[in-house]
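Report on the structure given below.
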Protein chains: 2
Amino acid sequence: MGSFGIRDLTREFGVTARTIRHYEEIGLLSPERRGQTRVYSPADFTRLKLILRGKRLGLSLEESRQIIQMYDPAAGNRPQLERLLARLREQRDALLARRRDLDAMLRELEGAEAGCLAALEQQARAARPAASTRKRSLR
Amino acid sequence: MGSFGIRDLTREFGVTARTIRHYEEIGLLSPERRGQTRVYSPADFTRLKLILRGKRLGLSLEESRQIIQMYDPAAGNRPQLERLLARLREQRDALLARRRDLDAMLRELEGAEAGCLAALEQQARAARPAASTRKRSLR
DNA sequence: CTTTACGTTGACGTTAACGTAAACTTTGAA
DNA sequence: TTCAAAGTTTACGTTAACGTCAACGTAAAG
């Protein structure tokens, strides 16, 4: 019941079946098989969601794989947990740096927007006095 | 004076000369020439900075080109300004969406970090009583 | 005057992330 | 039963963003 065909995933996420199979080829998904056809679980569903979000953020599939691996830890021993913790913090810091870039770009865009609005205002002021002069300008 | 050789740019930004020439091939940069060699202005410098920031955010070079174009507006007429304004807002909204994705991923990573710390704590608690039992466990 | 460093222009190679086409099977509905 | 829809594998094609290599120019330093 909680299982989907490949077509369901394409509709849900707006990607092609080829894309989904590609993710399987490189080991990002591993759905079960009913006979020959793929059957996706809610877990696969979630993984795909993570992958696509990674893409929207400009991550490579390899980078997304790294991140996803950190979520099913197979709860290791002490040194493994510490390595995992270190990598989690690395990724977090990388994302925080990304967010600083993003915010900088946002501020610039908003600055440009303000400049643009000012220019439109400027045009409006230039046009308004002309309203009382329009007929004169026709002479 | 306020001009750089290609080597300066590679050192400043950590990219290869090939990369910088590539950006010129596709029209993202257009440095002047002293004879045959390229001479970069502070404006080129800034453009390159924008391009590379775009890359860090996962933008394609084409997307960066769109954004950069919005910054040197050639202060157009009324309908041009309005189109520009609309595109600025589109880009802004796209970036805001990106930031929501990014924040979601950050929250998940921090959740995983917390879980990881909890697991380490768990191990510590399991190990501490064993300290008084260690010799017994050697029997 | 030759070496060293930096510059140039082709032009072909490479990697990631799929697209696309061919040839085939399976399955539920008319 | 036949047809249409959805599935499969295999394999070659494509695009972006450079890497890499060859062959060459120029200019200051030893």
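Note on naming: letters A, B, ... go to the chains in the order of the sequence lines (proteins, then strands), and numbering restarts at 1 for each one.
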Could you check whether [X] gets within reach of a base, just the sugar-phosphate, or nothing at all, counting any heavy atom under 4.0 Å?
X       : value
A:Arg38 : sugar-phosphate
B:Arg18 : base
B:Arg33 : sugar-phosphate
A:Ile26 : nothing

Kindly state each residue pair satisfying salt bridge (charged side-chain N to carboxylate O under 4.0 Å, His left out) with at least one member in residues 79-89 of chain A, sequence neighbours excluded.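 Checked against salt bridge (charged side-chain N to carboxylate O under 4.0 Å, His left out) - neighbours excluded - the pairs reaching residues 79-89 of chain A are A:Arg78-A:Glu82, A:Arg89-B:Glu113.
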
If the condition is side-chain hydrogen bond (donor to acceptor under 3.5 Å, both in side chains), which residues does B:Arg21 pass it with, not counting sequence neighbours?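 Not a single residue meets the side-chain hydrogen bond (donor to acceptor under 3.5 Å, both in side chains) criterion with B:Arg21.
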
Partner set under side-chain hydrogen bond (donor to acceptor under 3.5 Å, both in side chains) for B:Asp8, not counting sequence neighbours: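 By the side-chain hydrogen bond (donor to acceptor under 3.5 Å, both in side chains) rule, B:Asp8 matches no residue at all.
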
In terms of the nearest nucleotide of DNA chain C, which residue is placed more toward the 5' end: B:Gly5 or B:Glu25?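 Nearer the 5' end of the strand: B:Gly5.
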
Using heavy-atom distances to pick each residue's nearest nucleotide on DNA chain D, tell me which of A:Asp8 and B:Leu61 is more 5'.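 The answer here is A:Asp8.
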
Of B:Ile20 and A:Gln36, whose closest DNA chain D nucleotide lies nearer the 5' terminus?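 Taking each residue's closest nucleotide, the earlier one in sequence belongs to A:Gln36.
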
Basic-acidic side-chain contact under 4.0 Å: B:Glu24, B:Arg33: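 B:Arg33 and B:Glu24: salt-bridged.
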
In whole Å, what is the span from the CD atom of A:Glu24 to the C1' atom of C:dC18?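 Atom CD in A:Glu24 sits about 15 Å away from atom C1' in C:dC18.
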
A:Arg65: partners by side-chain contact (heavy atoms from CB on, under 4.5 Å), with sequence neighbours left out: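 So A:Arg65 forms a side-chain contact (heavy atoms from CB on, under 4.5 Å) with A:Ile26, A:Leu28, A:Glu62, A:Gln69.
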
Please, which pairs that meet ring pair (Phe, Tyr, Trp, His ring centres under 6.0 Å) have at least one residue in residues 39-63 of chain B, sequence neighbours excluded?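 Residue pairs passing ring pair (Phe, Tyr, Trp, His ring centres under 6.0 Å), neighbours aside: B:Phe4-B:Phe45, B:Phe13-B:Phe45.
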
Going 5' to 3' along DNA chain D, which are the first and last nucleotides with any atom under 4.0 Å from a heavy atom of chain B?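 It runs D:dA17 to D:dT20.
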
